[in-house]
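First the proteins, then the strands, lettered A, B, ... as listed; each starts at 1.
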Amino acid sequence: MAKEKLLLLDGNSLAYRAFFALPPLTNDSGIHTNASYGFTMMLQKIVEEEQPTQMLVAFDAGKTTFRHESFGEYKGGRQKTPPELSEQFPYIRKLIDAYNIKRYELDLYEADDIIGTLAKQAEAGGSEVIIVSGDKDLTQLSSDNVTVYITRKGITDIEKYTPAHIEEKYGLTPAQIIDMKGLMGDASDNIPGVPGVGEKTAIKLLKEYGSVEALYEAIDGMKASKMKEKLVENEDSAHLSKKLATIFTEAPIEITLDDLAYAGPNEDALLAVWQELGFKSLIEKSDMQSTAQEQEDIQLNIVADVTTAMLKDTMALHVELENEHYHSCDMLGIAVTNGEDATYIPVEIALKSDAFKAWLEDASKKKYIVDSKATQAILARYDIQLAGVAFDLLLASYIVNPAISGDDVAALAKEFGYTNVQANEVVYGKGAKWTVPETGVLADHISRKAIALWHLQSVVEKKLKDNEQYDLYHDLELPLAEILGKMEIEGISVDVEILKQMGEALQEKLTVIEQSIYELAGEEFNINSPKQLGVILFDKLGLPVLKKTKTGYSTAADVLEKLQSEHDIVKHILDYRQLAKLQSTYIEGLTKEVHAKDGKVHTRFQQALTATGRLSSTDPNLQNIPIRLEEGRKIRQAFVPSKEGWVLFAADYSQIELRVLAHMCQDPVLVEAFKEGMDIHTRTAMDVFGVTNPDEVTANMRRTAKAVNFGIIYGISDYGLSQNLDIPRKKAAEFIESYLQSFPGVKGYMENIVADARRDGFVTTILNRRRYLPDINSSNFNLRSFAERTAMNAPIQGSAADIIKKAMIDMDIRLQKEGLQAKLLLQVHDELIFEAPAEEIEILERIVPEVMESAIELAVPLKVDYSHGHSWYDAK
DNA sequence: GTCTTCACG
DNA sequence: ACGTACGTGAAGACC
C-alpha cells in the first residue's frame, strides 16, 4: 500500500489569515467573502500540490480551554472577532463539507491540540504529515515525518518548517520552540513569558542551556545582570508560559485516522457554494477542468450515405448547431444512435438523403433529442418536418429543476451523473477563439452527445416520474415545444417603412431635446452616460442626491421624477431617456431583426430558462414591446398581418395571477369577488380602507389597493410597497396589515407556503412545477427573506404560466379541429396574439376565450378580454 | 464582462 | 437591526 499522506489544517488560524490578507470583498447579497475566498484559494493550491490521501480541518471549540484552568487570562485582551469574519465561518464550514474534508472541534481543546494529537498518531503509523497554519506555535510539531507549513504574507505563500529549516532559521530543535515561547511569551495569546526577553535573547539562552528547565537549574551560576534578575523574578511565569505554549498531543479525540480519507470534492456541492458566494473565476476554471476529464472510448461510424438499415424505430438524434440562433445559423453535423455505437452523418450527406428525410418526418420513428424546438426549426429551413419527438433532454431537465443551467448536453448530463461527453467550450473554445475542430474530433463530440441522450432518456424520465412531474413534462412542455416552434418559424410581419418614419421623427425630437439639455447644462456631454449625467446634475447643478448606486449617483427615472421641480433640465432628460430608449431598442434594434427574405421577425421563445415556468423571448424580445405610454405604444403599429385581408387578434387573461391566488388560498372574500365579477382592485380598496360602498372608493384608494395586490403577488414587504407608492414604510405596513385582516385566507396561504418551502426545500405550481429554494433556511437575513418572497410568488406566477401553456396546446388542437387558417404568433405571459383572415374573427371571438377560460378549472372563473385590428396597436 | 437603466407581464 | 418588492431582455457606457 502506498504511504498515506495526512494534511491537517488549522481552520481558525487560516480563516483569520485569509480575512486580514485580503481586502473586504463582498458578493451580490452583501455577504463578506474575503476569508471564504482566501481559504478556498489556499485549499485549492495545497490539495493540488500535495495530493493528500487524508485530510482534516480542526477548529477551536469555544471560549474556554483546559489552558484557562492554569491561567485564567489565557488569550485575554483579544480583539473580538470582527462580525465581517464571523459571518463567514458558516460558509467556510460549508466549503469544507463540499470538499468532502472532515472537520473537527473538541470542547476544551484548541485546534492545535487536535492537530498535534493526530499528527503524532499518524506519524506513529508511518504516514507523512503536513500541517498548515498561520500560527508559528505549530512548528514545535515538526519532525522527520511532519512538516509544518506556515503562511507568510498573503495566503498562498508558505514557509515549510522541517527540523532542518528550524535549525537553520533559529539554531533550535522543534521541541525548543516551546521553550522559546516560554521565555519570550506571546502577546496574541496573552502568554506573559519573561518581560524583556525577546526572540533573540530566548534563542541565545536556549543555545546555551538547552531548555527552560535546564536554564533555571543552572541559573545560580549565571553571572549577575539585568537579564538574570528578570529571569529569576519571572521563573514561575516562564514555566507557566512554556506549559501554555505546549501543544497537547494526547487530546481525547473521538475520530481516528480512518475517518479522514480524502478522495476529492463533491463537485456539485462545491459549485453550489461557490455560486452562493459568487466565486465566478473559480467556477469558470472548474468547468474547464472537470469537463476536460478523460473520456471513455466510443465507437462511431462516419457514413457517406444514409441507408434505411441505419435508422431504427427508436434512436437518439443530435443535430449540432453552429450557435443558438437556429433561425439563421448552420448545422455542423448530425449523429444518431440506439446504443454504444453512433452513426455520424455529415450535414451535406444528410441533406441529400431521402431516406433520412423520410425517417425524420415519420412520427412512428421515435427520437430522443436535446432541444427539439431548435431541431424542428433548423430542419424546417431545409423543408424537413420533424416528427416523432419522444424525449427532450432540455425540457425534461428543466422540469426536474428549472435552475439547471444551460443547454449544453455535457452540463445537463452531468446533473444526472453522466460524464462521457465533453463541454462545448472544451471542443470549440469560446469567444474570439471559437473554432470548429477537424471532422474526427467534431464527429466524436456530436456522437457522444447522441449517446448521452440515449442513456439519459430513462434516467431523467424516471426522475420525473418519481417527482410526479412526468405529465407536466410529457403532456405540457413537450407538445408546447412544437407549437412554439411553429410560432417562431411562422414569425410576425413588421412594416419596416413605418419604423423608418417613426425613427426619423424621433431623431428630430431627440436633437431638439439634446440641444436644450446642453444649453441648460452649459456644456455638451453624453446624456446616455449615467456617470457623466450624475456629474452635471449633482456636482455642477447642485441638485440634491436622493439615491446612490454602488458606483455613484443614481439617475434612475424614479429619482429624476422627484427632482423635476428643482431644475428644468430634469424634465428634458426624462423625455430624452424615453425617446432614446424607443430609438435604440425598438426602432433600430427591431429593424435589425427583420429577415430580408420575408419581412418578418422570428423570435426565439426560451422554454427552459425562467425560474418560474414562464417563457422568455429573444432576438428580438417580443414580450416587452411598449404599451404603457402612447409614444411607445405606436411601435405596435409596425406589427401587421402577413397577408392582405388578414387581421391581428389578441386575447389576454384578466387578473390571472390574483385569480390563481384566490384559487390557491380559497379566501372566501377573494373567491366571492371573482365569482361576482367585481373589479378586484376596487373590492380590495373597500376592504383595506373599510368602505362599504364601491362608489366611495376614490381613484387614489383604488390605485393604492392595486399596488397592495401587486405586493401580495410579489411576496409582500412594507418596504417594497412604500417604495412603489412613495409613502412612509409605516403607512405601507398599515395597508398590508389591513389587507391581511380582510383576507385571512391569503394570510394563511402565505404562512403555509413558506412553511412548506422550509420543510420540502421547494414550492410547486398547480401542475406540479417545482422551484427549489436553497436559501429558505439561511441564517442570512437577506437571502432568507428573498427566498420567502420567492416562495410566495413562484407558485402564483408559475401556475399562471401553467395555465396559459395549457391554453396554447388546447388552442392548437381547436384551430386544427375547426379547420381554421388562424395562426398563433406570440405569447406575452398572459396574452396570446393570432393572425387570421378577417372572416375568421367572428369564430375566434367565440372559441379563443372559451378555450383559454377552460384551460384549467380553478375555484374562480378565468376571464379573457380580446380585440382585433389591422396592427398590433389596433388590437387593443 | 459588469453595471445601470428601462421596456414588458 | 438587517434592507427588498416577482419574473424577464436589450442597449449603452465603461472597465
Side-chain angles (χ1 to χ4, degrees), chain A residues 28-31 83 87 278 280-281 284 402 430-431 526-534 547-560 573-574 577-590 592-593 603-606 609-629 631-633 635-636 652-653 655-657 707-708 710-725 729 732 736 771 779-798 800-801 804 826-831:
Chain A
D28 294 346
S29 326
I31 303 166
E87 70 179 21
K280 289 181 188 126
S281 58
E284 264 175 40
K430 68 165 178 177
N526 187 345
I527 308 169
N528 289 318
S529 163
K531 197 177 166 189
Q532 293 183 36
L533 180 60
K547 197 164 98 181
K548 289 196 142 201
T549 66
K550 248 183 258 172
T551 49
Y553 308 120
S554 170
T555 66
D558 63 328
V559 176
L560 296 185
I573 289 165
L574 284 166
R577 280 257 179 90
Q578 191 203 329
L579 301 183
K581 175 86 178 180
L582 292 177
Q583 185 75 302
S584 66
T585 305
Y586 297 103
I587 302 289
E588 292 166 2
L590 195 56
K592 278 184 219 150
E593 294 290 342
T603 189
R604 282 176 296 123
F605 288 107
Q606 304 290 341
L609 186 147
T610 71
T612 54
R614 275 189 176 182
L615 302 175
S616 85
S617 158
T618 59
D619 304 308
N621 180 354
L622 295 180
Q623 292 182 319
N624 73 344
I625 302 300
I627 190 165
R628 290 171 192 170
L629 299 172
E631 294 96 317
R633 190 173 199 157
I635 299 283
R636 294 179 173 228
D652 69 290
Y653 283 109
Q655 306 297 352
I656 188 166
E657 292 188 337
V708 172
F710 272 105
I712 294 293
I713 291 168
Y714 294 157
I716 197 78
S717 83
D718 51 9
Y719 182 86
L721 183 63
S722 76
Q723 287 295 298
N724 188 290
L725 286 173
R729 219 188 65 212
I736 293 166
R771 177 166 185 182
S779 57
N780 179 292
F781 177 88
N782 279 335
L783 291 177
R784 191 177 63 247
S785 303
F786 185 68
E788 287 168 359
R789 291 197 296 275
T790 310
M792 298 186 242
N793 169 264
I796 299 173
Q797 194 182 117
I804 194 164
L826 300 176
Q827 186 253 45
V828 191
H829 309 307
D830 64 353
E831 176 183 21

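- Regarding A:Asn528, its CG atom lies at a distance of 13 Å from the C1' atom of C:dC14, rounded to whole Å.
- For a distance-only test at 3.5 Å, the side chain of A:Ser616 fails to qualify as a donor-acceptor partner of the base of C:dT8.
- The residue A:Leu582 sits apart from the nucleic acid: no heavy atom pair falls under 4.0 Å.
- Taking only side-chain nitrogens and oxygens, A:Thr585 never comes nearer than 4.0 Å to OP1 or OP2 of C:dA11.
- Donor-acceptor pairing under 3.5 Å, judged by distance alone, is present between the side chain of A:Gln797 and the base of C:dC6.
- Pairing for C:dC2 is absent, judged as Watson-Crick or G-U wobble with the two contacts each under 3.5 Å.
- At whole-Å resolution of the value, CD in A:Glu831 and C1' in C:dT8 are 16 Å apart.
- If you take atom P in B:dT5 and the same atom in C:dT4, they sit 15 Å apart, rounded to whole Å.
- For B:dG9, the base has a donor-acceptor partner in the side chain of A:Arg628 [N/O atoms by modelled type, under 3.5 angstrom].
- At the phosphate of C:dT8, neither OP1 nor OP2 sits under 4.0 Å from any side-chain N or O atom of A:Arg614.
- Base pairing of C:dA11: its partner is B:dT4, meeting the Watson-Crick or G-U wobble criterion (both donor-acceptor distances under 3.5 Å).
- Here the closest non-hydrogen pair linking A:Pro795 and A:Thr790 is CD-O, 4.1 Å.
- C:dA5 and B:dT4: their P atoms are spaced 13 Å apart (whole Å).
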